[in-house]
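Notes follow once the structure below has been shown.
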Amino acid sequence: MKLLHPTLILLFFGLKLWGQSYYIPITDQDLMLLNGREKPAGLFDEGAALFNAAYIPNKIPQTRFHASYNKMYSPQDYLIHLEDQYRIDSFFYYDGAGKDSFEVFVGDPSEWTSLAIAYTNSYNTWKTVRAKGVGTMLLIRFYGPQAELGELIFYGELLAQAVDPPQPRRLPSPLRLREFMGINAFVDDPVEAVGKISGLVREYHNWDWHYAPNLKAGAVAVDGLRFAPAAAGNWNFDQYYQELQNQGLKVYPCLQGSPPWLQSNFDYKPISAGLLADDPKAYRLHSRFVWQYVARYGSRTHVPSSLNLAQNQPQRSGLNLIDGLETWNEPDKWWRDRAGYFHPFEYAAMLSADYDGHNGTLGPGHGLKWADPNMPFIMGGLAGLDTNYLEAIRLWSLYQRPNKNFPADVLNFHHYSNDAGGQDDRAHYGIPPEDDRLQQRLEHLVNYRNRVLAGKKIFLSEFGYDSNPGSIQAPAPDDSLAVLEAQANFLVRAMILAHASGIDGAFVYMFRDVNAPNPNKYMSSGLTAEKWNQHRPKPAYYKMQGLMQVLGDYICQGREQANLRELYIYRYLLPESGARAYVIWTKSLGRKSSFRELYFLDEEGPATAYRLSGDAQVLQEEVPFSGGRPFEVNNSPVILIFP
């Protein structure tokens, strides 16, 4: 909640008194970037330090702000959530260099009212604008990158304080490791092999697989959908999902891409011609397919007349073969042009359409919840862990959805640990997940969820490392065998850190290599070799398999001895028997530690030690460990089981 500066400021301009107004303290941390990647800085960082004795800004700011030069983000929007309701009276801005303009709005995502358009046509000058409006939010829109602002200062009056939100409810118990471990996979990956290293499957699933080739837009409803088999690949998805279920796997298809009859590019937003991308009605066709898909593979049966199926397709519904549905993949993909990048308000509109037909306003047969109200709906994985994009969706939903709820059951993120801090071509190499503070990053998401979206689950639906030494996402060693081993160790350790963070599922990217000799990132991210190499397991596959075998039924109780710098110890519990397990490793490559007594574990009696093998499908079980003999720990996690 914003608090007004205690000093009353009287604003005189000539002889005219504008009224009694207070300085509204805003910081760069309050500024939410709606479309773009760089964190805003320099616009609200100096504030009252620039005031003169009369409490009017007149000093020269030391830092400067620019909007993004990337044309895809123009105009660029910044949102300030004041929380309380204010009357805005005026604002000052320091006009540095460059000629451009920006506009200030007040209101909320349901309706914005323009306060003023300000021009940066002076040079190193304080300027003031009278701006009258009432609201809980401000939107600042920069129409180009040329404006250089030293500072922006608002004045107004508090009209009503926001009501403190209720405390988040108690969260559910931790998941067993096998219920948490996930993998990204495709329909043509061997199901039995997938089941040995995961309990969850994120299946990449293209929307256009279910339409006849060369279909015209007007013939979609007449021609009908194809599932068993699909139009592409002759894949029988009824059979595929049944095989996954038979392996005990939970499956979460990721519905991605636009069909060619709707858009010229696979990654372009699936909007209907003539409609705006922030209008839920623009996604009516996508929402309709979501209903058809969930009607078939969800738990609710539907009358045959409601199913839009092609001839010779079996009339089936309520097969209960999938456990949730994700809509789109990385909607915030900044590496695409504007037609492929979703502004968060645009993606919020698509989520609202796909979730429940925008609270049912799109009519019957639209949205997942009208096909199966019990099925979890998963937002598309964001290409980073920043909550700004998510918060913008939440605010849009609060003001645009009729019942104001958030249109997803699972919040979803991607993250790759490297020296650039995420999914970015500026990286040089992958770094250990501990150096990336992976657990702390994920705990930040959990804290955000607990504060404003209690009850939602969180997935880390992509994380991983490459094994080609030339990739910017490969661990640092340049020896190919060492990189294979490092990839395996980093993945196991990242899975443990993610499990300890309190999120609800982590999915390794991915089951198989795309093309391992190719040094481009993500070409060698697999746990196995390519299809044409018969999915030959890599060390990472065997180690993840061993982790599942030994700890699959255990729950994580957190880190032990968190003050240790190089040694990482995580405690696990088997609820049925009370058996304790400890996963132990050293962070640094090549570093080893030898112990005769593990006094810091506070355990008595011998333990069985398991070292995860990287070159065989059989776990290496050691002589039962007990105090008095040397015990080595290195960067490959070892598991101790105390019965």
Side-chain angles (χ1 to χ4, degrees), residues 181-213 215 224-260 266-267 286 289-290 292-298 309-310 312-314 316-317 319-330 368 375-376 378 380-381 412 459 461-462 464 505 507-515 522-523 525-537 541 544:
M181 291 176 63
I183 190 73
N184 284 271
F186 291 91
V187 61
D188 52 354
D189 289 329
V191 170
E192 184 177 355
V194 170
K196 291 180 179 179
I197 47 88
S198 64
L200 316 174
V201 173
R202 180 178 184 245
E203 179 237 343
Y204 290 107
H205 197 103
N206 293 2
W207 182 14
D208 63 0
W209 286 345
H210 299 282
Y211 298 100
L215 189 66
L225 299 169
R226 293 157 169 79
F227 294 100
N234 204 39
W235 297 308
N236 187 321
F237 282 97
D238 294 4
Q239 178 181 334
Y240 171 61
Y241 292 144
Q242 185 64 65
E243 290 174 356
L244 290 172
Q245 192 175 86
N246 293 344
Q247 288 290 322
L249 293 161
K250 289 189 173 183
V251 59
Y252 302 97
C254 173
L255 185 61
Q256 60 179 3
S258 290
F266 177 81
D267 279 335
H286 198 265
F289 177 79
V290 166
Q292 291 287 333
Y293 191 85
V294 175
R296 188 175 190 87
Y297 295 118
L309 296 170
N312 302 322
Q313 285 284 310
R316 295 172 181 167
S317 70
L319 295 177
N320 199 24
L321 292 178
I322 65 174
D323 299 277
L325 181 66
E326 177 181 350
T327 183
W328 216 254
N329 181 45
E330 298 182 331
L368 176 143
M375 178 175 288
I378 307 163
N412 196 4
F459 281 173
S461 62
E462 282 188 25
F507 298 72
V508 174
Y509 184 85
M510 62 180 179
F511 180 75
R512 70 182 190 226
D513 286 340
V514 177
N515 184 9
Y522 312 138
M523 293 292 104
S525 294
L527 303 186
T528 75
E530 305 87 346
K531 281 198 303 182
W532 58 83
N533 282 317
Q534 289 73 53
H535 298 93
R536 185 180 64 254
Y541 179 90
M544 296 299 282

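Bear in mind the structure is a predicted one, so any value in this text is a computation, not a measurement. The first residue in the sequence is number 1, and the count goes up from there.
In this structure, W207 and F289 have tilted ring planes: the angle between them lies in the 30° to 60° band. Using cut-offs of 30° and 60° on the angle between ring planes, the pair Y204 and Y509 is perpendicular. Classified by interplanar angle (parallel below 30°, tilted 30° to 60°, perpendicular above 60°), the ring pair F511/Y541 is perpendicular.
G380 and E326 make their closest contact through CA-OE2, 3.5 Å (heavy atoms, listed as atom of the first residue, atom of the second, distance). Pairing each heavy atom of I322 with each of P253, the nearest pair is CG2-CG, 3.9 Å. Between V201 and A185, the shortest heavy-atom contact is CG1-CB, 4.1 Å. Contact between S525 and D513 at its shortest, heavy atoms only, is N-OD1, 3.6 Å. In plain terms, the two heavy atoms of A529 and R512 that are nearest each other are O-CB, 3.6 Å.
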Apply side-chain contact (heavy atoms from CB on, under 4.5 Å) to Y522 and V514, showing your working.
CA-CA 8 Å; Y522 312 138; V514 177; over 6 Å; no

Quiz prompt | Residue pair E462, N329: steps toward the side-chain contact (heavy atoms from CB on, under 4.5 Å) verdict | solution = CA-CA 10 Å; E462 282 188 25; N329 181 45; 3.8 Å; yes

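Taking OG from S198 and CE from M544, the interatomic distance works out to 8.5 Å, rounded to the nearest 0.5 Å. Separating the NE2 atom in H210 from the CD atom in Q313 is a distance of 9.5 Å, to the nearest 0.5 Å. Rounding to the nearest 0.5 angstrom, the gap separating the CE atom in M510 from the CZ atom in R202 is 11.5 Å. Taken from CG in L325 to CD in E203, the straight-line distance is 10.0 Å, to the nearest 0.5 Å. Summarising the geometry, atom CD1 belonging to I183 is positioned 4.0 Å from atom CD1 belonging to I197; distances are rounded to the nearest 0.5 Å. Taking CD of Q245 as the start and OH of Y240 as the end, the distance is 13.0 Å to the nearest 0.5 Å.
Two residues are said to be in side-chain contact when any heavy atoms from C-beta on lie closer than 4.5 Å; M375 and L368 meet this criterion. Considering only heavy atoms from C-beta on, K531 stays 4.5 Å or farther from F186 through its side chain. When side chains are defined from C-beta on, S461 does not count as touching Y252, because their heavy atoms never get closer than 4.5 Å. For the pair Q256/F266, a side-chain contact is recorded, criterion being any heavy-atom separation below 4.5 Å from C-beta on. L319 has its side chain out of reach of Q242: every pair of non-hydrogen atoms, C-beta onward, lies at least 4.5 Å apart. Counting heavy atoms from C-beta outward, L255 and Y293 have side chains that stay 4.5 Å or more apart. W209 is not listed as a side-chain neighbour of P229, based on a closest heavy-atom distance of 4.5 Å or more.
At distances below 3.5 Å, not a single donor-acceptor pair connects side-chain atoms of N236 with backbone N or O atoms of A228. Remark: side-chain polar atoms of N320 are not paired, donor with acceptor, to backbone N or O of G298 under 3.5 angstrom.
The stretch residues 238-249 participates, sequence neighbours left out, in these salt bridge (Lys or Arg N to Asp or Glu O under 4.0 Å) pairs: D238-R296, D238-R316.
For Y241, the ring-ring contact (aromatic ring centres under 6.0 Å, His included) partners at least two apart in sequence or on another chain are F237, Y297.
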